[in-house]
Amino acid sequence: MTKEGGKRQATGDISILIGGKAGDGVLFTGNILARLLKRYGWWAVTYRDFPSNIRGEPTRYFVRASQERIENRRERVDLLLAFDCEALVRHMPALNSGAVILCDGADAAILSHSLSSEISSFALPLRQPAREKFGHEIYKNMMAIGALGYLLGLEIRPVEDMVRDLFLERKGEAVVEANLRAVRLGYELAQKGIPQEKRWFLPRFPHDSKIILMGDEAIALGALAAGCRFFAAYPICPASEIWQWLTPRIKDFGGVVIQVEDELAALNMVIGAAFAGARAMTSTSGPGASLMMEAFSLAGMAEVPVVIAHVQRVGPSTGMPTKTQQGDLLQWIFGSHGEFPRIVLAPGNLEECFHFTIDAFNLAEKFQGPVVILIDLDLGQNLRTAEFPLAEGWTIDRGKLLSPAELLKIKPYKRYEITDDGISPRVIPGTPEGIHLVESVEHGEDGLRSEDPDIREKMMGKRMRKLKAIAPDLPPPTLFGFPEAETAVIAVGSTRGPILEAMKYMEKEGKPIKFLQLRTLWPFPAEVVSRFLQKARHLVVIENNFTGQLLALIKSQVIFDPALKVEGLRKFSPDNFTPDEIFRGLKEICQQ
Amino acid sequence: MTKEGGKRQATGDISILIGGKAGDGVLFTGNILARLLKRYGWWAVTYRDFPSNIRGEPTRYFVRASQERIENRRERVDLLLAFDCEALVRHMPALNSGAVILCDGADAAILSHSLSSEISSFALPLRQPAREKFGHEIYKNMMAIGALGYLLGLEIRPVEDMVRDLFLERKGEAVVEANLRAVRLGYELAQKGIPQEKRWFLPRFPHDSKIILMGDEAIALGALAAGCRFFAAYPICPASEIWQWLTPRIKDFGGVVIQVEDELAALNMVIGAAFAGARAMTSTSGPGASLMMEAFSLAGMAEVPVVIAHVQRVGPSTGMPTKTQQGDLLQWIFGSHGEFPRIVLAPGNLEECFHFTIDAFNLAEKFQGPVVILIDLDLGQNLRTAEFPLAEGWTIDRGKLLSPAELLKIKPYKRYEITDDGISPRVIPGTPEGIHLVESVEHGEDGLRSEDPDIREKMMGKRMRKLKAIAPDLPPPTLFGFPEAETAVIAVGSTRGPILEAMKYMEKEGKPIKFLQLRTLWPFPAEVVSRFLQKARHLVVIENNFTGQLLALIKSQVIFDPALKVEGLRKFSPDNFTPDEIFRGLKEICQQ
Amino acid sequence: MPAIKNKDSFSRKPPTWCPGCGLYGILEAMKRAAVSLQLDPASMVIVTGIGCHGRFPNYFLSYGFHGLHGRVVPVASGIKLVNPELKVIGLSGDGDAYSIGLNHLLHAARRNLSLLILVVNNRVFALTQGQASPTSPRGFISISTPQGKVEPPLDGLKLALGAGATFIARGFSGEVDHLAFLIERGLNHRGFALIDVLSPCVTYNKINTYDWYKKHIEILNQHKSMPEDLNQAWSWLNREDKFILGVLYSATRETLEEMILPDKRKTIAGLELRPEVEKVMALMEKFK
Amino acid sequence: MPAIKNKDSFSRKPPTWCPGCGLYGILEAMKRAAVSLQLDPASMVIVTGIGCHGRFPNYFLSYGFHGLHGRVVPVASGIKLVNPELKVIGLSGDGDAYSIGLNHLLHAARRNLSLLILVVNNRVFALTQGQASPTSPRGFISISTPQGKVEPPLDGLKLALGAGATFIARGFSGEVDHLAFLIERGLNHRGFALIDVLSPCVTYNKINTYDWYKKHIEILNQHKSMPEDLNQAWSWLNREDKFILGVLYSATRETLEEMILPDKRKTIAGLELRPEVEKVMALMEKFK
Ligand SMILES: Cc1ncc(C[n+]2csc(CCOP(=O)(O)OP(=O)(O)O)c2C)c(N)n1
Ligand SMILES: Cc1ncc(C[n+]2csc(CCOP(=O)(O)OP(=O)(O)O)c2C)c(N)n1
Ligand code: SF4
Ligand code: SF4
Ligand SMILES: [Mg+2]
Ligand SMILES: [Mg+2]
């Protein structure tokens, strides 16, 4: 971003960073800003970097907005709002040339001396005026919005609408009024201290075709759309948003959410509900996922359709509960005891979060077993802008679930009937003439325990066969870029966005790339991957973890040409990948 | 086995099958017979096939004895003892020509009509005389031993010694007397009904250089030898034998075994004990292993040395608790959330069960993390004969565990000090000047929680580096057979024995094989496997499961030559592999 | 008109428990209660844990779910919540309910969801061949306690009372009629009901035999009113000389299903699922 | 001669809990108790769960183990069993101890292992940002109960009493001296001790504030004798108007460590490990 004369050059892509301490309302401020920018018709995305501590430790929050669709923050920012001087110092290295800093703190002016001439810093008193004028520090956040509004050249109307939307319903007119005054005060303070030529003037576009939300919310929406009417879960970062969003809303759909005592109860309860006929789901993250491994195997054996959303955070163990990672890719594929069919879907953006959740329920009922939706904190908890609606019309397919009338045609009814596709007609308890047993122990067609080797073999075959039957319904990998490129990238989940952006930069440098986004991790799309690799000379597997789990998975399922150069581009620090990093990484690899 | 004149030809290898119902004492009878044959200086092995039900369902028990070392039952048997006619009918297909049947049941004689002339059947009344003469059916088992003794031409003295060993200490002279009478009665009844020429006359050899036991017991012995002094566990088939054997014996070593409320408690308690300075262990099977996944990750993150023995049974879910399988090979390698160093050892015979348990404790303390000993029910619960002693002298190496004196030289002490090999000196609580924090959350060298990306990267590096440091201490794969053979077999665990036997048969047919027994599953011995495969044209991975987990693991870690023909020889019915099956399988594959 | 149910209406196949096992008495009592209430087998679901007791649905005819060790209560809760019209019975063991599964039991008691949980308390881990359980008596010699169990036995009813269960009772599998009476009451109870059934394991528990129990039980005479006194229940439960048999506490408070389910007339399991495009779109709009 | 300990002897680094959090009072009380008993920080181990309370060992100087959510008790038990010379304190939360971890708590109570378990009962899941916990009051509005919590609160002490705990007490983090007194008593108790500490969460629990508690607690005057009456404890615990603060029950019975450890003079952790070839060989002989 450069400036020219008294006004900045028009920009199509701006990055803002808000820094402060947990408890400062950084998240709140950032969220409002992101929504505002979206209402300006821009594609806004956020990146939250919070400590797992309620108050006092440093936090940062990126808001990026662009006129083109984007999925991730960039590394460097144009505008820094620092709630304290510590944040100012901490984030200086992230500033672009031409950047502006707003800082609440007396030393802000002093600190600004150490800045390069390309960067300008302004003291913006927030806390003190908030306390003085409104009796509570909390108003500093709305003041910050006002100041940012001034600096970005936003019109006041959308800001005011936003405030009303936020507070009117739950807090009433008085609160709205106070907040509007805070916005205005922030605007004025900024106006006083910051010269015109430091301002951006973001153009406004129609925004109605877009929505802004988190992946967790997209999954929750998908669950409602899919007919999920029972949700049991135990709180855990970063997955609680899914069911917490659902809690007040599912009633309207005739369903219920229940917070239970632990993750063992959560999945077992969901299994009970699904067995009894509801579309049922749970969600969790690392430690909770490990606790669900036993019941996961039960769903596979008993052939009960359940959906589990797993939002990955940094491990191992408690790890870093509020940071992102793709460190649990293999857990649902090779974890748990014994062998049973399972499906692992891995959405890479908001639309896929929504869509794959619907798919998950259809798949679960069609193949009668557990389906996992695997995302990470980055995709789950950060706000991103997507097309409205996330999808247009969807169907509910309950598979071989027999109505009482259909059941009457079958006699005797056998819950685990051995069929060509391995899928046995299902009946829910309460149905007359459908009485049966569901079993965690190896069993015959009638559900009765059996230790007969022949039955064992048939039943294993039957269960595993179901994955073949369901294969055509699984989301296939998506191919991006230049199919003839020699450099092939494979990745999954949230890295999709930054990879696509990095590919553009690579293209500009004359380095074509092809990229296969895996969307079903299991059953593994071995054929598509083999074909994708056929003419490649170089494979780069990009993933947000240490050991290269995705690469190990690919290798375990596909035989490589030994001439293929295989590379892993990995990151296991507690941040997501930026397009910049991937671009640098790919460039380096391509130069080898 | 053929007969000649009035006496059978001498045999060096005999297989006996005992069939009946759960509650019949089949296990008891078989165990005594196996021990007897071992005391005769033979190599005895057993195979138990029991229902997961206390009474009433069919059971069978193989006892095989050979003058050469063997590890597994054969498919067909020479002698069948049937506690009822149902067992007779059920097991007829398993009989070798020349076989003899003893059956307790009135219809035995009738049934024998349907037999081929090569097989002879005799009614042997057991239940009724037991009840009449001794007032309790239970004596039928000792009578059966007497009858078998007659038929095998055993001397009476070792049988009597055995009875005394069994009962004298715990039950007293009267019970010994009654049982001896039962033995004699059985002998006499057999003598009356069975002509001389049907008898074998097994020669007797010195037996003192051998012992007979289960893999579970060998692990328990190894634990004592290794200095394991704390064991917490929850009952589960087929792993309870380990700690149940230890319970009355560990006191003598100053230790304790505690049965806890569930598997979550078991591993967490073991982690607490290990943190506090004890060598501590737990054991489990499938469902319990899944429940331990969360604490497994904790041990990795907190860097606490623990040992977990997992004895595999048939899954998924509750599956078939009393049957064998290798269906959980990948669970400890790729299961659990997050990424942390772990070691998975896979013993293939009794000596390895003992030895690797000692290794496991040394490794755990040297690399400071969780070590898993992975076997299966076949190896864990069946009796096998091994050389005495299982090992001759072993060491205890506690790694970087600082004494109070050593500690005083280090200041300030940092529990998670970043070192070249990744291993940080350890101090146990209670040590003055050693105060520290052990953390499940990402942390700095001092153990205090940290979310600094730089520290995160260093700590991940530090932890994962430990596996490299410990690599030379890991049990390497063992190579058997003809190093130049084109057909290469890879397998792990209990399949070792039947593979070695099948290789002999292959050799006789002029088909040389080479076989690599993996003994450390993780970290994976990729280099050795690559070298092993270099000149092979054919790879056969033999494993006791459906999906080919070992093959997937190998593929994930080693790049194959595309010309290599890869084959899986698998079995997922609830029985172990016999040498016969492997022989047939290999022959077929080699003919392709 | 539905056919009149008799005991055969609830028979699936003959049990293979050890002859003399207390589970036979429980099976019989359950059938008597079901007949007496004229229940429809298709409207009952029995959820069991892992243990000898877990085989129950193989012998009792109704819908059945044989799940995991210790997870009877959450599975049963999931079923009940999505279909309160079903009679949901959890049949668990002393190991299943009081060792590995205790947490779920107490939270269900707190929630007061209408489930009937029967614990087959044979005071031993039977299926795993005889280890001591939390309810085994002090001094109990078993494969896991060769020197005798050291801790005093746990009483699940005391805990459930403390957790807020609205119906607790104790029965004995040797007193089939009385047990059938308790089961009937439990099945009719609105809210969470727990029945602890003292039940001999003839194979692994040689201490707590039928004879032993005959000397150590006292049956309350209570065919009329049910006791609703916390202190009375507490003191019955603290009797050291005898097990007091009967309904020890019975009270009413709003049930979980009444409090959280959105629609009294429609079960969740019975909902006809539609994509609900409009309603979902309206929610999506809110993200604009 | 060891130096005299003062409160600084137990400080690691300054806490970052929200200003006003009840945890500050607990930290202070713990220090006072440690000073009063002149404990050596190197002989104490504090095990914590996951939650705001879990940060305790970052601020209190002693050996510390910050483990998993809900598993404070088993980790603490493992430590204590192999080294009974350590003072082992488990510091847990209402979510940690009474939701996910309740099973372990009650089994430890039954075993009567000498542990002091302090539950920081702020009646909310704080670290995960304010969901209702089992101890949240009825009607509690939270992110997970936007319409108010429906079930009555759970009382961990009632359950521990039923499970056989030999010491149960209730404190309030706003009554630091009283709490320090309870902690001292708990630390000196032979057997399992549970202290439930009512503790305001100023960020997520706007109902159970310091002021609210001042109106809803009643402190027993009991510096002399300790109550050993099960019925008295039960009735205190069933008081609906007030929380009764103090030691509610204290009794002696043999502890787990006394009953199961092989050697009173040697800790397992302190054993010098040798291959013990001869003893192992002798056992191996038995398989001949
Ligand atoms: C997670 C898990 N741990 C352990 C087991 C092994 N197991 C099966 S039944 C059982 C105990 C049974 O005791 P109880 O519940 O009293 O049932 P009973 O056999 O006495 O009826 C155990 C520990 C298991 N199936 N799953
Ligand atoms: C197995 C598992 N499930 C869920 C979580 C997420 N989690 C962290 S803290 C917490 C609850 C904390 O509540 P409480 O124990 O009352 O502690 P407080 O923060 O109130 O002190 C939860 C659910 C986790 N860490 N592990
Ligand atoms: S082992 Fe015990 S509980 Fe199991 S069936 Fe036999 S008598 Fe009944
Ligand atoms: S959120 Fe509540 S419990 Fe946590 S530190 Fe703040 S006030 Fe204390
Ligand atoms: Mg039992
Ligand atoms: Mg709390």
Side-chain angles (χ1 to χ4, degrees), chain A residues 51-52 57 264 285-287 289-291 293-294 296-298 300-302 312 314-323 325 327-328 330-331 333-340 440-442 451 453-454 456-457 460 464 545-547 549 552-553 555-557 559-562 566 572-575, chain B residues 51-52 57 264 285-287 289-291 293-294 296-298 300-302 312 314-323 325 327-328 330-331 333-340 440-442 451 453-454 456-457 460 464 545-547 549 552-553 555-557 559-562 566 572-575:
Chain A
S52 173
E57 294 176 18
L264 307 169
S285 188
S290 286
L291 289 176
M293 283 298 135
E294 194 201 11
F296 183 42
S297 191
L298 168 63
M301 180 61 139
Q312 297 165 92
V314 174
S317 201
T318 314
M320 301 167 97
T322 56
K323 313 275 161 143
Q325 197 102 149
D328 312 331
L330 299 181
Q331 178 172 29
I333 298 173
F334 298 124
S336 192
H337 63 288
E339 301 173 290
F340 55 92
S440 72
V441 161
E442 192 58 279
E451 298 186 353
D454 186 49
R456 159 70 177 174
E457 287 182 16
M460 273 302 275
M464 300 307 278
N545 61 41
F546 185 99
T547 56
Q549 299 187 26
L553 175 65
K555 281 168 70 181
S556 78
Q557 304 300 315
I559 301 264
F560 289 171
D561 181 337
V566 181
F572 54 92
S573 82
D575 280 318
Chain B
S52 173
E57 294 175 20
L264 307 169
S285 188
S290 285
L291 289 175
M293 284 296 134
E294 193 201 11
F296 184 42
S297 191
L298 168 64
M301 181 62 140
Q312 297 166 91
V314 174
S317 202
T318 314
M320 301 166 99
T322 55
K323 313 276 161 143
Q325 198 100 149
D328 312 331
L330 299 180
Q331 177 171 31
I333 298 173
F334 298 124
S336 192
H337 62 288
E339 301 173 291
F340 56 92
S440 72
V441 161
E442 192 57 281
E451 298 187 353
D454 188 48
R456 159 71 177 174
E457 286 182 17
M460 274 301 276
M464 299 308 279
N545 60 41
F546 185 98
T547 58
Q549 299 187 26
L553 175 66
K555 281 168 70 180
S556 78
Q557 304 300 315
I559 303 263
F560 288 171
D561 182 337
V566 181
F572 53 93
S573 82
D575 279 318

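Just so you know, these numbers use all the heavy atoms, side chains as well, and skip hydrogens, waters and symmetry mates. Each chain gets a letter, A, B and so on, in the order the sequences are listed, and its residues count up from 1.
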A.B. asks: Under a 4.5 Å heavy-atom cutoff, which of A:Ala552, A:Pro574, A:Ala302 has the most pairs with chain B?
C.D. replies: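 Answer, by heavy-atom pair count under 4.5 Å with chain B: A:Pro574.
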A.B. asks: If we define contacts as heavy-atom pairs under 4.5 Å, which of A:Ala289, A:Ser556, A:Gly315 has the most with chain B?
C.D. replies: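 Ranked by heavy-atom pairs under 4.5 Å with chain B, first place is A:Ser556.
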A.B. asks: Spell out, as yes or no, whether a donor-acceptor pair under 3.5 Å connects the side chain of A:Ser440 to the backbone of B:Ser317.
C.D. replies: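 Judged by distance alone, no pair lies under 3.5 Å.
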A.B. asks: Name the region of B:Ser285, side chain, backbone, both or neither, that has any atom closer than 4.5 Å to a heavy atom of chain A.
C.D. replies: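 It is neither, since no heavy atom gets under 4.5 Å.
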A.B. asks: Compare all side-chain heavy atoms of A:Arg456 with those of B:Val314 and state whether any distance is below 4.5 angstrom.
C.D. replies: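 Result yes, sub-4.5 Å side-chain heavy-atom pair found.
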A.B. asks: Heavy-atom pairs under 4.5 Å with chain B - which of A:Gly335, A:Gly319, A:Gly327 has more of them than the others?
C.D. replies: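 So the answer, after comparing A:Gly335, A:Gly319, A:Gly327, is A:Gly319.
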A.B. asks: So what's closer than 4.5 Å to chain B heavy atoms on A:Ile559: side chain, backbone, both or neither?
C.D. replies: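 Answer is side chain: those atoms of A:Ile559 sit under 4.5 Å from chain B.
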A.B. asks: Sort A:Gln312 into side chain, backbone, both or neither according to what part of it lies under 4.5 angstrom from a heavy atom of chain B.
C.D. replies: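 Looking at A:Gln312, nothing touches chain B.
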A.B. asks: Quick one, A:Leu291 and B:Leu264 - any side-chain contact, counting heavy atoms below 4.5 Å?
C.D. replies: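 Counting from C-beta outward, A:Leu291 and B:Leu264 do come under 4.5 Å.
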A.B. asks: Mind ranking A:Glu339, A:Lys555, A:Glu451 by heavy-atom pairs under 4.5 Å with chain B and telling me who comes out on top?
C.D. replies: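 Top count of heavy-atom pairs under 4.5 Å with chain B: A:Glu339.
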A.B. asks: If you look at every heavy atom in B:His337 and A:Ser290, which pair is closest and at what distance?
C.D. replies: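 Smallest heavy-atom distance, with atoms named: ND1-OG, 2.7 Å.
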A.B. asks: Within the structure provided, determine whether B:Thr318 and A:Met301 are in side-chain contact (heavy-atom separation under 4.5 Å).
C.D. replies: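 No; the side chains remain at least 4.5 Å from each other.
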A.B. asks: With a 3.5 Å distance limit and no angle check, can you tell me whether A:Ser573 reaches the backbone of B:Pro453 through a side-chain donor-acceptor pair?
C.D. replies: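 No; judged by distance alone, with no hydrogens or angles, the pair does not exist.
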A.B. asks: Any chance you could measure A:Met293, atom CE, to B:Phe296, atom CZ, to the nearest 0.5 Å?
C.D. replies: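 So the gap between those two atoms works out to 13.0 Å.
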A.B. asks: Any heavy-atom pair between the side chains of B:Pro316 and A:Met460 that's under 4.5 Å?
C.D. replies: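 Yes, at least one pair of side-chain atoms sits under 4.5 Å.
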